[in-house]
Amino acid sequence: MSKSTSLDPKDSESKRLPIYRHKDRLIQAVRDGSFLVVTGETGSGKTTQLPQYLHQAGFCKDGKIGITQPRRVAAITVAQRVAQEMRCTLGREVGYQVRFDDCSTHDTVVKYMTDGCLLREILADPALSQYSVVILDEVHERSLNTDILLGLLKKNFSNPAKATKGRSFPLRVVVMSATLETDKLSSFLGNCPVFTIPGRNFPVTCTFGSAVGPKDTESTAYVKEVVKMALDVHTSEMAGDILVFLTGQSEIERACDLLYEKAESIDYRYDVQDQTVEGLLILPLYGSMPTDQQRQIFQPPPPRIRKCVVATNIAATSLTINGIKYIIDSGFVKQLNHNSRVGMDILEVVPISKSEAQQRAGRAGRTSEGKCFRIYTKEFWEKCMPEYTVPEIQRTSLTAVILVLKCLGVHDVIRFPYLDPPEERFILEALKQLYQFDAIDRRGRVTHLGEMMVEFPLHPGLTRAILKAASLGCQDLLLPVAAMLSVENIFIRPGHPEKQKEADTKHRALAAKSGSMNDFATLLSVFHSCKSSDRPSTWCKENWIHWRALKSAFSVETQLREILHRLQQKKDFPVEIFDGNKNELFRRCLCTGYFTNVARRSVGKVFCTMDGHGSMVHIHPSSSLFDQEAELNWVIFHDVLVTSRVYIRTVCPIRYEWVKDLLPKLHEVDVYELSSVAREEVTDEEMIKWETREAAKRQPEASAEDVMKKLEKRNNETTVSDARARYLQRKQQRQQNKAL
DNA sequence: ACCTGTTAG
């Protein structure tokens, strides 16, 4: 450790960081107590320096220092930086671990990793016996996994008596966050000390606009306003690049089109102290964009050209673009919200929170002073924007995470110490699903099957189908499908109508090639066709398939195969025999994972879900079953999309007999007992009630209409129809804007 | 009679 005399510029650079002056006191603070909150803005150096300080202070004598990040890229790049600063080979003393990429060895003592990775490690070793210090970073982002880790660490290590359980010495826990919410964190962790490090960012001046007020929460007028503002900035502000925040791909493409048009038609020339800007380089940026196109964003613009990046929220945390001096903030995001009342995830456009607006503004102050132009009014800020974004744990399906907690011995998952507890019905819904998939029993205890299921990085339903298939010896049918369904959508549908037609034709051909009218079978067929192709990437291009997504499906499939293989080595892996054709076998396996997603034809093209919510749904036009009417009365589906209608996507026809025995399970559950607070035996009353209802539904057309009427009435009160109404409103507005 | 943000295992 005799680097202090070094003249290496990197050393002096790290000494210039704001955190350096606090080094000794920080080390002491970690030494003093088991929990510590460290807060500091980006640029304070806490992520790269604190682990090094602790390393120097001897904290690695007894174990590793683990630092979690919510994102893979962050874990990797930070580890690279620190390895460089500590002058060691990446993967030796300093390493990282993310899914599909473990760059750490037995020697690694400073280990950066994703929060999801640490959670999996806890599953294997609840005492975290390899670690002397665990640092949770970016806690203010409130990712689902970080929130769960926070609760687990509090539960298991805050009490000094418990803190050494399964360990020879107590674990130190450091929680790092941006300045907001630190009081809350400290009191959550037993009023532990808070250490504040000043930031090193440049000031950003924010101004409010007049375009979006409290009454415009559903409007899409902001696209035009954002374009106007960008041109304003371009013609009247000094040199420096622009970053525009919008919500989605189509919106971004529209904004870029408008910008091209208008930027050409205006005549301007701005010249102050040789800082001249003459042209505008317009660059869209969103997640599903090809990677090489994304890379273009980071290149500095040609001389005298101003860069204008029009991006989704991907530019708020995931990607950092240098040279941004101006932010234009639409004030909206697209957010995935789970609705437990209808049991669906709905993607909605909503106003951002104030803290998120500050985060966006901060993107202009990375290298020099910046300006942020908010297109919404001060009143909108005060009345429509919440202080903080609702944490993921309160708006997401919890099924997988609850299974993890159960496997960690957290029996009472309702009274688990959540920093912000999710609504009880979210938890109950998760328990119900786990019971339905046989992962837990009637008393809420993890089953043998559940213990196997938790090993898979998948939704429990998909895992259930895989395990069923494996016990029947046909896992090769299910593994690729599960992999394909757990990556982003692999079917590309371009914006231009001509190309759209071409893509649709190709996709229909792929469906036909699979030989059966079953979207899951299409996925399987695509998987193999591409894999056996000589040049998979050109095969994808020709067939309008997302190569990057499919490639990751290949790695996921390999990983799933390995996990399954490991489980099958154990002697108690179940084995079953099935006598029938392959097609039926495949679909029966799918049924064990998707019987919660069964729909029955109601009238005409309308289907009705059988999950107890009784939502009216339509088959999405991208499905090979779209427009297929004959003899198609029962289907299972992978997911639901709420747009102009409620659509089910990735659909498979089934026979009622295949799910007949499973369906009652959807209704017999007593969540009260499942939640481990009940003390009485359940009767079969619920199940009998359901059977009666089901018998009534099985009667022909006349009653089906009655059922539908009843269900529709109920549906009007759900938020699905609210979401649909909002969508239609936005669509109308868009058309009006177009007409203008 | 089609339009889905971001992230993670």
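Here is the naming used below: chain letters follow the sequence lines, and residue numbers restart at 1 for every chain.
Atom CE of A:M113 and atom P of B:dT7 are 21 Å apart (whole Å). A straight line from CD of A:Q359 to C1' of B:dT6 spans 13 Å, rounded to a whole angstrom. Nucleotide B:dT6 holds its C1' atom 12 Å from the CZ atom of A:R360, rounded to whole Å. In this entry the distance linking CD of A:E141 with C1' of B:dG5 reads 15 Å, nearest Å. Rounded to whole angstrom, the span from the CD atom of A:E253 across to the P atom of B:dG5 amounts to 9 Å. Atom CG in A:L149 sits roughly 12 Å away from atom C1' in B:dG9 (whole-Å rounding). Between A:E392 atom CD and B:dA8 atom P the separation is 11 Å, expressed in whole Å. Separating the NZ atom of A:K499 from the P atom of B:dC3 is a distance of 20 Å, rounded to the nearest angstrom.
Comparing atom distances between the A:T114 side chain and each of B:dG9, B:dC2, B:dT6 picks out B:dG9 as nearest. With B:dC3, B:dG9, B:dT7 as the candidates, the nucleotide lying closest to the side chain of A:C117 is B:dG9. Of the candidates B:dC2, B:dG9, B:dT6, the closest approach to any side-chain atom of A:H620 belongs to B:dC2. Side chain of A:R71, nearest nucleotide from B:dA8, B:dC3, B:dG5: B:dA8. Distance from the side chain of A:R645 is smallest for B:dA1 among the nucleotides B:dA1, B:dA8, B:dT6. When distances run from any side-chain atom of A:A400 to the nucleotides B:dC2, B:dC3, B:dG9, the shortest one goes to B:dG9. For A:Q249, the listed nucleotide lying nearest its side chain is B:dG5; candidates were B:dC2, B:dT6, B:dG5. With distances taken from any side-chain atom of A:T312 to the nucleotides B:dT7, B:dG9, B:dG5, the minimum falls on B:dG5. In the set B:dC3, B:dG9, B:dT6, the nucleotide with an atom closest to the side chain of A:Q500 is B:dC3. Side-chain atoms of A:L336 lie closest to B:dG5 of the nucleotides B:dG5, B:dG9, B:dT7.
A:R72 comes within contact range of the sugar-phosphate backbone alone, with a heavy-atom separation under 4.0 Å but no base atom that close. Residue-level contact check: A:L144 touches neither bases nor backbone, having no heavy atom under 4.0 Å from any strand. When heavy atoms are screened at a 4.0 angstrom cut-off, A:V556 is found touching no nucleic acid atom at all. Heavy atoms of A:F456 sit nowhere under 4.0 angstrom from any nucleic acid atom. Using a 4.0 Å heavy-atom distance criterion, A:R99 is classed as a base contact. Residue A:R142 is classed as having no contact, given no heavy-atom separation below 4.0 Å to the nucleic acid. Contacts of A:S318 with the nucleic acid, taken as non-hydrogen atoms under 4.0 Å apart, involve only primed sugar atoms and P, OP1 or OP2.
Pairs engaging residues 543-560 of chain A under the salt bridge (Lys or Arg N to Asp or Glu O under 4.0 Å) rule: A:E557-A:R561 [sequence neighbours left out].
Taking the centre and axis of the six-membered ring of A:F626, the NZ or CZ atom of A:K605 falls inside the cone set by 45° and 6.0 Å.
OP1 and OP2 of B:dT6 both lie 4.0 Å or more from every side-chain N or O belonging to A:Y286. The phosphate of B:dT7 (OP1 or OP2) has no side-chain N or O of A:S143 nearer than 4.0 angstrom. A:T643 has a side-chain polar atom (N or O) that falls below the 4.0 Å cut-off from OP1 or OP2 of B:dC3. Within the structure, every side-chain polar atom (N or O) of A:Q559 is placed at least 4.0 Å from both OP1 and OP2 of B:dG9. Neither OP1 nor OP2 of B:dG9 sits under 4.0 Å from any side-chain N or O of A:S486.
Nearest-nucleotide mapping onto DNA chain B: of A:D115 and A:R395, the residue sitting toward the 5' end is A:R395. Remark on DNA chain B: of its neighbouring residues A:L458 and A:D504, the 5'-side contact belongs to A:D504, judged by nearest-heavy-atom nucleotide.
A:E121 and A:Y131 form a side-chain donor-acceptor contact under 3.5 Å, judged by distance and modelled atom types alone. No side-chain donor from either of A:E392 and A:T396 sits under 3.5 Å from a side-chain acceptor of the other.
Evaluation of the side-chain contact (heavy atoms from CB on, under 4.5 Å) rule for A:R99 yields A:R72, A:P457, A:V556, A:Q559 as partners, not counting sequence neighbours.
Closest of all the heavy-atom pairs between A:F607 and A:A599 is CB-CB, 4.0 Å. Scanning all heavy atoms of the two residues, the minimum distance from A:T105 to A:G91 falls at OG1-O, 2.9 Å.
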